[in-house]
Protein chains: 2
Amino acid sequence: MYEPITIKDIAKALGLSTSTVSRALRGSYEISAETKKLVVEYAEQFNYRPNPIALSLKERRSRSIAVVVCEIANNYFSQAINGIESVAYNRGYHVIISQSHESYEREIVNVEHLASRSVDGLLVSLSAETNQFDHYKNLHEKGFPIVFFDRITDEIETHKVVADNYQGAYNVTKHLINAGYKKIAHLTSAAHLSISIERLEGYKAALRDNKIPFNDKYVKNCNHGGMIYNEQEDAIKSLLNLKDKPDAIFSGGDKLTVSCLAVLNELKVKVPDEVALAGFSNSPLVELMKPGLTVVKQPAFEMGQTATELLIKLIESKRPVTEFEKIVLQTEVFERESSAKKKPKKK
Amino acid sequence: MYEPITIKDIAKALGLSTSTVSRALRGSYEISAETKKLVVEYAEQFNYRPNPIALSLKERRSRSIAVVVCEIANNYFSQAINGIESVAYNRGYHVIISQSHESYEREIVNVEHLASRSVDGLLVSLSAETNQFDHYKNLHEKGFPIVFFDRITDEIETHKVVADNYQGAYNVTKHLINAGYKKIAHLTSAAHLSISIERLEGYKAALRDNKIPFNDKYVKNCNHGGMIYNEQEDAIKSLLNLKDKPDAIFSGGDKLTVSCLAVLNELKVKVPDEVALAGFSNSPLVELMKPGLTVVKQPAFEMGQTATELLIKLIESKRPVTEFEKIVLQTEVFERESSAKKKPKKK
DNA sequence: TTTTTTTACGCAAACGATGCCGACATCGAT
DNA sequence: ATCGATGTCGGCATCGTTTGCGTAAAAAAA
């Protein structure tokens with residue numbers, strides 16, 4: 001089968017010791033020029049590559065980091081992963097991706113599996129189901145490097161990278177208000193998630209600043225973060241069945257935004273005439289939709305990059321780190337037809 | 001820092017040898033019930049996890065496989081990866097994802113990096129730039145397990161998993177013809193890619209079977225597989241500038257299909273009235289577009305699953321494998337407005 | 001009681017690479 | 001001629017785990 005050449009093979013072939021070969025390959029000054037040349041050329045010829053696993057065992061590090069997200073088939077995360085990869089690649093780290101599919105159990109299994117020794121650090125965006133953090137706390141207390149991004153928790157003190165969810169939600173809600181909508185509903189993920197909380201706050205603040213009363217019947221949570229279509233469907237239907245039907249929906253998630261449009265289309269509810277729509281999404285396809293969707297876009301790529309830089313700093317730090325940063329990046333609102341100015345009602 | 005407990009620690013604490021601990025943990029019959037209990041309980045208490053790196057070094061395998069694709073931010077690939085992950089996870093394998101971004105060089109670097117010893121096998125979908133395969137041939141000749149999926153090559157004899165691109169292209173072209181379109185252009189990726197070749201053949205066959213002459217001016221290649229928006233834009237513009245302008249476009253790729261619609265919208269070309277559109281895509285969002293897109297969908301998840309099963313079979317095979325399978329899965333056409341029946345021209 | 005068998009465990013090598021330390025030869029200086 | 005310095009290399013331990021082999025003590029058979 002597949003048997004790569006080792007340092008031993010070279011040593012044997014050249015009548016040297018493994019230590020000499022090792023040193024020759026790393027250009028140690030203790031090795032004569034001729035021996036070096038001999039070894040290096042032989043290694044070149046037989047395409048010698050140091051065994052990364054042996055190195056990992058020796059150096060007690062694997063030069064790989066893991067990222068734990070709920071779904072890579074989500075534009076925000078695939079963009080973030082591109083950012084992660086770009087930094088990791090340049091710094092000589094492998095990236096291992098694992099998906100929780102919004103399941104608490106899967107998340108635990110993945111993290112345990114990864115952490116034992118096979119990765120040097122973790123980049124985490126919490127699953128929608130997760131509201132306990134012992135599996136991270138244990139690791140973190142032992143000094144294992146973890147950086148949270150996007151969906152974070154206050155319960156663990158480490159570096160964090162987030163979008164300004166509050167401001168993003170505020171801006172898009174305000175945009176809806178400015179466009180003439182007054183009865184704005186909010187469709188969001190599990191209530192305990194950091195992003196849900198912040199976006200809800202931004203939404204509330206925008207209402208407050210514009211003297212629109214907050215109505216908690218207008219807030220619907222999808223606890224599976226958009227994984228289950230029926231959940232969104234039911235939520236939206238119950239919104240539309242309210243006595244005082246909303247005239248706009250602000251949705252707080254990629255999948256939610258899109259499936260919101262799908263449900264409205266299915267129910268033949270006209271967007272934006274009957275109900276306007278705007279929400280968080282990083283999909284490049286939203287502008288092609290019917291109607292083009294107004295979205296808040298997160299700087300996913302940059303978030304991935306920043307989080308990775310912080311993680312590598314953590315990994316390569318000599319001393320235990322006790323000062324942690326929380327980096328907040330700005331979002332951007334893209335206005336499209338789905339939130340076009342409200343037409344005066346002809347009753 | 002983070003120092004997990006080892007078998008040695010347990011041995012020292014319990015006054016045993018490492019071999020006894022090791023055997024106790026694996027339930028060897030040579031160890032007395034009491035000692036076993038002692039060791040297992042201690043291990044449990046201190047949350048012992050065998051060091052996967054040490055195991056890899058010993059067993060000369062890492063229980064991880066790598067997948068090399070061009071882009072995870074592509075619905076086809078993210079779905080395929082979900083399939084890969086689902087099988088790998090159940091069989092106890094890690095999945096390492098690396099992206100070539102359609103670059104030949106990146107692909108080589110990634111493959112070399114991965115193959116040396118850190119992964120047990122490779123799942124590959126070729127980048128658009130790749131038309132040389134030495135980096136795979138070298139590995140494959142040494143018995144390194146590789147399975148190709150989606151974008152494959154004839155030059156390497158191993159397991160392969162593909163969609164029935166010929167039939168898919170045939171079906172969707174025929175659908176366009178049946179809808180009344182006669183001047184059907186074809187926008188596709190790099191000409192040398194297996195998927196491009198097969199889809200072109202299917203397209204040609206459908207034309208032939210319906211007595212429509214093939215016009216090579218109607219075929220446009222985007223050599224970067226949709227990575228560069230300008231490339232698609234130029235290709236589509238030049239199609240629209242032909243004396244005998246096509247009345248439909250069949251596109252052969254996720255990104256191409258979508259950016260085709262984007263360009264047409266931008267140019268204010270009405271779809272399908274002026275130009276109809278249909279193409280390969282696995283995006284769940286195409287039905288929400290303006291207009292809803294007619295697409296050929298590949299069984300991405302199943303392809304990922306099948307490829308992974310084959311790869312693991314290859315990895316775990318005792319003997320060198322010489323008999324290889326090529327598995328072809330069927331595609332499905334979803335008809336929507338973008339290829340609605342052609343209206344009679346009012347000239 | 002003696003011999004054989006069984007039970008239960010330890011020793012050491014191995015996986016690939018690194019690095020400390022020691023060994024030897026050569027050379028210049030005394 | 002002897003000593004120390006220098007240059008060049010090998011031996012060995014190490015990382016964590018598994019496993020073949022050896023062996024002591026206990027149990028069973030004689």
Side-chain angles (χ1 to χ4, degrees), chain A residues 1-40 42-43 46-64 92 113 115-120 142, chain B residues 1-40 42-43 46-64 92 113 115-120 142:
Chain A
M1 290 296 280
Y2 180 63
E3 287 300 333
I5 187 173
T6 75
I7 223 168
K8 282 188 189 175
D9 301 327
I10 303 182
K12 204 176 295 170
L14 264 38
L16 295 167
S17 77
T18 58
S19 8
T20 305
V21 175
S22 170
R23 271 180 291 234
L25 256 15
R26 344 198 84 241
S28 161
Y29 66 96
E30 307 191 55
I31 306 296
S32 70
E34 330 156 55
T35 311
K36 264 186 203 167
K37 188 156 170 279
L38 197 68
V39 172
V40 169
Y42 189 94
F46 288 90
N47 199 32
Y48 168 77
R49 294 273 176 282
N51 182 326
I53 293 177
L55 282 177
S56 293
L57 183 59
K58 187 106 203 45
E59 296 177 5
R60 329 184 98 222
R61 56 183 307 195
S62 60
R63 288 211 147 267
S64 63
H113 188 125
S116 40
R117 195 64 150 277
S118 59
V119 299
D120 298 339
K142 289 179 190 160
Chain B
M1 290 294 281
Y2 181 62
E3 287 300 333
I5 187 173
T6 75
I7 224 168
K8 283 187 188 175
D9 301 327
I10 302 181
K12 204 176 294 171
L14 262 39
L16 294 168
S17 75
T18 58
S19 17
T20 305
V21 175
S22 170
R23 272 184 281 243
L25 256 15
R26 344 198 84 243
S28 162
Y29 66 97
E30 305 190 63
I31 305 296
S32 71
E34 329 156 58
T35 309
K36 266 186 203 167
K37 187 157 171 280
L38 198 67
V39 171
V40 169
Y42 190 93
F46 288 89
N47 200 30
Y48 167 77
R49 294 273 176 278
N51 181 327
I53 293 178
L55 281 178
S56 293
L57 184 60
K58 187 111 244 289
E59 296 178 4
R60 329 186 94 220
R61 56 183 308 195
S62 61
R63 288 212 149 267
S64 64
H113 189 121
S116 41
R117 196 64 150 279
S118 59
V119 299
D120 298 339
K142 289 179 190 158

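Worth saying up front: this structure is predicted, and the values here are computed from it rather than measured. So that the names make sense, note that chain A is the first sequence line, chain B the second, and so on, each numbered from 1.
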side-chain N/O [X] vs [N] OP1/OP2, d < 4.0 Å:
{"X": "Lys8(B)", "N": "dC15(D)", "value": "yes"}
{"X": "Ser19(B)", "N": "dC11(C)", "value": "no"}
{"X": "Thr6(A)", "N": "dG16(C)", "value": "no"}
{"X": "Ser22(B)", "N": "dT17(D)", "value": "no"}

Whole-Å distance between [N] [atom2] and [X] [atom1]?
{"X": "Tyr29(A)", "N": "dC9(D)", "atom1": "OH", "atom2": "P", "answer": "13 Å"}
{"X": "Ile31(A)", "N": "dT6(D)", "atom1": "CD1", "atom2": "C1'", "answer": "14 Å"}
{"X": "Glu59(A)", "N": "dA17(C)", "atom1": "CD", "atom2": "P", "answer": "12 Å"}
{"X": "Leu57(B)", "N": "dC15(D)", "atom1": "CG", "atom2": "P", "answer": "14 Å"}
{"X": "Lys58(B)", "N": "dG16(C)", "atom1": "NZ", "atom2": "P", "answer": "10 Å"}
{"X": "Ile5(B)", "N": "dT17(D)", "atom1": "CD1", "atom2": "C1'", "answer": "14 Å"}
{"X": "Arg60(B)", "N": "dG16(D)", "atom1": "CZ", "atom2": "C1'", "answer": "17 Å"}
{"X": "Ile7(B)", "N": "dC15(D)", "atom1": "CD1", "atom2": "P", "answer": "14 Å"}

Test log, rule side chain to side chain contact (heavy atoms under 4.5 Å, CB included), inputs Asn47(B) and Arg49(B): CA-CA 6 Å; Asn47(B) 200 30; Arg49(B) 294 273 176 278; 3.2 Å; yes
Donor/acceptor link under 3.5 angstrom from Arg23(B) side chain onto base of dG10(C):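 Counting by modelled atom types and ignoring angles, a donor-acceptor contact under 3.5 Å is found here.
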First encountered from the 5' end of DNA chain D, between Ala33(A) and Asn51(B):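 Taking each residue's closest nucleotide, the earlier one in sequence belongs to Ala33(A).
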Donor-acceptor pair, side chain of Thr18(A) and main chain of Lys8(A), under 3.5 angstrom: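 Side chain of Thr18(A) to backbone of Lys8(A): no pair is present.
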Side-chain donor/acceptor of Ser64(A) to backbone N/O of Asp120(A), under 3.5 Å: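 Checking the backbone N and O of Asp120(A) against the side chain of Ser64(A), no donor-acceptor pair under 3.5 Å is found.
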Sugar-phosphate only, base, or nothing, as touched by Thr35(B) at under 4.0 Å among non-hydrogen atoms: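 Since only primed, P, OP1 and OP2 atoms lie under 4.0 Å of Thr35(B), the category is sugar-phosphate.
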Sugar-phosphate only, base, or nothing, as touched by Arg49(A) at under 4.0 Å among non-hydrogen atoms: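 Sugar-phosphate: the residue Arg49(A), judged by heavy atoms under 4.0 Å, touches backbone atoms but no base.
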Test log, rule side chain to side chain contact (heavy atoms under 4.5 Å, CB included), inputs Asn51(B) and Thr6(B): CA-CA 8 Å; Asn51(B) 181 327; Thr6(B) 75; over 6 Å; no
Given dT17(D), dC9(D), dG10(C), the nucleotide with the shortest approach to the side chain of Leu16(A):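 Looking only at heavy atoms from C-beta outward on Leu16(A), the closest nucleotide is dC9(D).
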Glu30(B), nearest nucleotide to its side chain (from dT17(D), dC12(D), dC21(D)):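 Closest nucleotide among those given: dC21(D).
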Validation row: Asp9(B), Phe46(B) side chains within 4.5 angstrom (heavy atoms):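 SC-SC contact between Asp9(B) and Phe46(B) ruled out.
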